[in-house]
Amino acid sequence: MIKNYGDRYHLIDKKALEDKQLDKDQLIEFVKTSGISEIGKNYNIVSIIGSQSTGKSTLLNQLFGTKFDVQNRQQSVGQTTVGIWISKDVQNNVVVLDVEGSDSVERKSGENMVENQTALMALAMSHCFIINVFLNALGQHTSCQLSIIKIIMQQNLKLFQQDTVKHIIFVVRDWDEDANYEEASRRLNGYLLSIWNEIPKPDQYKETDFHKLFSVQVVTLVYYKMKKEFVEQTNELHSKLSNQQDPNFIFKDFDYEKNVRWSDMPQYLSNIWEVISNNKDLNLPNEKILISNMRCSQIKLEALEGVKQLNEDLQNRVRTKFVDNFAQECQSILSLASKLYDKDARDYHIEVYKEKEKELKDELINRFFTYFQKQTEQLKQHYMNVLTENLETLKRESIYNLPDRLNELDLLKVQFEEQLAKSVIEIDLWQEKDHVKYFKQQIDSQLKAFVEAQLATFKQQLDNIIKSECDKIVSSQVLNISPKFWLQIESDYYTMITEKYQKYEVLLIGLRVQQKQIDDYLNKFEEDSFHNLKQVIAVASGRFKDQLFQQFKAQFVRAADGQPRNWQKLTEEEIFHIYTEARDKVFSLLDLLRIRKIKFQKQLLALKQKAKTLIVTANQKVQYQISSDADSDDIVLNDVFYTQVKMQLAEDIDVQYQDAIQKHKQDFLQNIPKPFWFLLLFFMYDDVLRWMGNPLFLYPILIILCFVGFCIAIGLHSLPKLAFQWVFRTVNQAIIPLIFGGISKLKGS
């Protein structure tokens with residue numbers, strides 16, 4: 001007779017636990033009669049674990065409409081669910097597993113493996129794992145099912161292929177509005193991550209992120225007697241688990257093709273249960289032989305078990321952050337374990353008693369040492385994080401604030417040493433001085449690297465500032481070249497560079513840079529600054545010709561009142577006088593710039609090396625000392641460059657002069673009466689005809705016409721035009737003024 005109770009089946013019962021195998025025939029019959037086989041692969045399996053008598057079955061019945069047995073609260077509290085029961089959502093393709101509660105008083109102390117096996121079986125089948133906990137039980141190792149979860153994770157990686165993500169939902173019961181959801185979620189997720197980091201993993205999962213294998217959610221439910229709100233919240237959770245149209249449906253990306261068909265599920269589950277129930281890795285060895293040795297060893301283990309929770313609590317806390325008064329807590333655990341051991345073992349053989357007592361203390365101290373190593377790592381990490389945060393803040397601040405902040409950061413070394421002193425149970429037991437020394441070296445190394453990086457960045461910024469200042473100094477003089485050109489550049493540069501030098505030196509001292517490095521930094525600063533000046537002057541020298549030409553135009557083209565000169569009202573002699581005066585002035589300024597050499601010389605002043613720029617004329621005898629450059633003589637305008645600039649300037653100046661003369665003569669041509677032009681053409685026509693009969697005149701005209709026709713034929717239409725423009729411009733500027741100049745003289749006489 002199949003006892004399936006209509007829509008539920010006892011998958012793992014006492015017989016399955018004892019025989020280590022399932023009744024496959026009954027399971028096949030249940031799959032057929034219950035209709036589960038009809039859903040094929042389109043299903044999800046949800047299971048629940050939690051402490052005994054915490055309403056797991058009630059929650060499943062509320063969520064999925066199942067009919068699992070529930071606790072009768074008017075009777076004595078006891079175990080309702082044994083092993084694993086299986087059922088199905090009344091409306092959706094969700095298969096539900098009701099797993100035996102943990103911490104069962106009906107289970108003997110040595111039968112915890114049953115809980116582990118049933119939990120493993122549930123996980124092997126399930127796509128979603130509901131962990132039923134109460135709000136007031138958060139933080140309790142057993143109530144949160146952490147011991148079971150640890151085994152589940154470890155065995156899950158070992159026994160089952162990870163082809164889909166396992167969903168874990170913590171359902172926190174009896175939630176009230178004063179509780180902090182973020183804190184509860186953080187704590188539960190932290191528990192899982194700690195377990196994940198602790199368990200051994202196969203090679204293919206060592207670098208795998210926990211969340212790639214497990215999806216974790218935290219859901220809260222109010223007290224079940226608050227029926228309206230409780231029903232609303234359970235309906236919402238049910239929708240997440242079963243309604244594919246729900247935006248929060250947790251199986252949204254689930255690949256149902258990877259499911260085992262329910263028609264094949266009995267054979268599959270039988271194989272899985274056989275693997276789990278015969279897992280020898282879960283057995284614990286016992287090798288004690290002699291009575292006294294065995295009993296003292298047992299008492300020692302009991303003492304360790306008595307402080308196990310304290311040990312695990314300390315271990316879990318030190319994994320997340322450093323623990324204040326770590327040594328004091330270790331001493332308390334050690335003292336409690338010694339009392340528990342002494343109470344039952346003092347009457348046994350004295351040597352065995354002492355030996356096992358020493359083993360007890362050594363084992364605890366060894367455990368404490370592993371915690372201490374983690375404590376030290378957490379302390380180092382904490383203070384290094386504080387250092388990193390401060391350094392990140394300092395990156396956005398002025399480097400001139402850094403010396404004062406370095407003094408503040410030195411306190412981190414003192415604080416670390418104080419905290420570490422509170423973490424040792426005996427001085428020099430765990431070589432804490434080496435940790436302090438190493439940490440100080442880490443801090444100093446990090447600060448040194450940070451200072452060097454900031455100085456490198458600051459040096460680039462300072463170079464840009466110096467280059468900009470040099471450009472301002474030189475540009476201000478180039479815009480108005482005067483006899484004091486070089487003297488003013490020297491004065492302004494030395495004033496600027498002295499101020500920057502002194503600030504830089506004070507900064508380096510404040511940053512604890514060694515004196516030799518300070519000298520190197522300052523020497524490099526002086527040389528680079530001077531090199532920037534040389535570059536700026538070299539670039540500015542290309543503007544000398546244009547600026548001098550502008551200064552010539554300002555004097556030649558415009559009168560003293562700034563108005564343009566009227567060349568028509570001036571005689572050629574007056575124009576020439578103005579021209580020579582303006583030309584001589586700009587040429588004298590050009591001579592001032594000629595063969596001007598710059599040298600870098602160090603002077604010992606007040607026991608400090610200062611940089612000075614000396615700009616000297618070519619006829620002075622100077623020993624050049626430019627320590628960082630191979631080309632010792634930096635010449636602004638050498639002979640070749642000077643000659644080129646002077647020739648180009650002379651050409652531009654002559655063009656201005658010729659333009660002025662042209663404008664002056666155009667006035668005369670414009671005053672010749674128009675009838676005179678017609679009279680001139682009338683008397684010259686017969687000469688033109690005679691010229692046309694002359695081959696020396698006719699042939700050039702034919703050649704010109706052939707040239708024009710050829711250019712047009714090959715597509716060079718603009719070439720004849722340019723040629724004629726050049727001829728007419730030459731005639732207009734040279735021949736016609738010559739002709740009419742002679743006529744003007746005849747007219748004047």
Side-chain angles (χ1 to χ4, degrees), residues 8 11 36 39 41-50 54-66 68 81 84-102 118-133 144-146 148-149 152-153 155-157 160-173 185 188-189 191-192 195-196 210-221 233-260 262 265 268-269 272:
R8 56 197 173 97
L11 179 65
I36 294 180
I39 63 179
K41 291 184 177 182
N42 187 27
Y43 63 87
N44 295 108
I45 301 179
V46 178
S47 60
I48 189 169
I49 65 168
T54 55
K56 299 187 303 300
S57 302
T58 302
L59 177 60
L60 292 180
N61 292 340
Q62 178 67 35
L63 285 172
F64 303 106
T66 53
F68 294 119
T81 302
I84 298 178
W85 285 81
I86 185 171
S87 185
K88 179 182 172 296
D89 188 315
V90 295
Q91 296 179 341
N92 302 282
N93 291 348
V94 179
V95 178
V96 185
L97 303 181
D98 190 6
V99 184
E100 174 181 340
S102 61
T118 55
L120 285 174
M121 184 64 179
L123 185 62
M125 297 175 61
S126 302
H127 305 136
C128 178
F129 218 66
I130 296 177
I131 301 176
N132 187 60
V133 297
C144 293
Q145 306 305 309
L146 300 185
I148 296 295
I149 294 173
I152 287 172
M153 288 185 180
Q155 296 299 323
N156 186 54
L157 292 178
F160 309 114
Q161 181 182 359
Q162 289 296 325
D163 52 0
T164 57
V165 174
K166 297 290 185 182
H167 295 272
I168 297 178
I169 299 179
F170 282 98
V171 175
V172 184
R173 307 282 292 275
S185 179
L188 291 171
N189 275 276
Y191 290 157
L192 294 182
I195 293 172
W196 175 255
F210 168 80
H211 294 288
K212 290 184 178 180
L213 302 179
F214 298 93
S215 172
V216 182
Q217 295 186 33
V218 178
V219 176
T220 61
L221 296 179
Q233 292 175 351
T234 52
N235 287 341
E236 181 179 351
L237 178 57
H238 175 260
S239 180
K240 283 184 181 181
L241 294 169
S242 60
N243 183 6
Q244 296 185 3
Q245 306 303 319
D246 191 318
N248 298 318
F249 182 57
I250 68 171
F251 303 115
K252 190 174 298 182
D253 300 323
F254 185 79
D255 186 2
Y256 290 96
E257 285 301 316
K258 294 183 178 181
N259 276 344
V260 178
W262 267 102
M265 189 64 78
Y268 174 75
L269 294 181
I272 291 296

Are the side chains of [X] and [Y] in touch, meaning some heavy atoms are under 4.5 Å apart?
{"X": "T66", "Y": "W85", "value": "no"}
{"X": "I39", "Y": "K88", "value": "yes"}
{"X": "V46", "Y": "H167", "value": "no"}
{"X": "I250", "Y": "S215", "value": "no"}
{"X": "L192", "Y": "F170", "value": "yes"}
{"X": "F214", "Y": "F129", "value": "no"}

Quick check for you: to the nearest 0.5 Å, what is the distance between [X] atom [atom1] and [Y] atom [atom2]?
{"X": "L237", "Y": "F64", "atom1": "CG", "atom2": "CZ", "result": "7.0 Å"}
{"X": "N42", "Y": "N44", "atom1": "CG", "atom2": "CG", "result": "8.0 Å"}
{"X": "L60", "Y": "H238", "atom1": "CG", "atom2": "NE2", "result": "11.0 Å"}
{"X": "M125", "Y": "L97", "atom1": "CE", "atom2": "CG", "result": "4.5 Å"}
{"X": "N93", "Y": "Y256", "atom1": "CG", "atom2": "OH", "result": "8.5 Å"}
{"X": "N235", "Y": "Q62", "atom1": "CG", "atom2": "CD", "result": "7.0 Å"}

**Message:** Please verify the inter-ring angle class for F254 with H127; under 30° counts as parallel, over 60° as perpendicular, anything in between as tilted.
**Reply:** tilted
**Item:** side chain to side chain donor-acceptor pair (under 3.5 Å) partners for D246, two or more places apart
**Value:** S239
**Asked** Mind checking what makes side chain to side chain donor-acceptor pair (under 3.5 Å) contact with S87, not counting sequence neighbours?
**Response** none
**Prompt:** Taking it one step at a time, do L241 and I169 satisfy side chain to side chain contact (heavy atoms under 4.5 Å, CB included)?
**Reply:** CA-CA 10 Å; L241 294 169; I169 299 179; 3.8 Å; yes
**Request:** Check step by step if side chain to side chain contact (heavy atoms under 4.5 Å, CB included) holds for L221 and L59.
**Result:** CA-CA 10 Å; L221 296 179; L59 177 60; 3.6 Å; yes
**Asked** Has the side chain of N61 got a donor or acceptor atom that lies under 3.5 Å from a matching backbone atom of F68?
**Response** yes
**Prompt:** What pair of heavy atoms forms the shortest contact from T220 to Q233, and how long is it?
**Reply:** O-OE1, 3.5 Å
**Request:** Can you see which heavy atom on V90 is nearest to which on G65, and at what distance?
**Result:** CG1-O, 3.2 Å
**Request:** Report the C-alpha distance between K56 and I130 in whole Å, list the side-chain angles of each, state the deciding distance to 0.1 Å, and finish with yes or no for side chain to side chain contact (heavy atoms under 4.5 Å, CB included).
**Result:** CA-CA 9 Å; K56 299 187 303 300; I130 296 177; over 6 Å; no
**Asked** Is there a side chain to side chain contact (heavy atoms under 4.5 Å, CB included) between L188 and V172 once you walk through the steps?
**Response** CA-CA 10 Å; L188 291 171; V172 184; 4.2 Å; yes
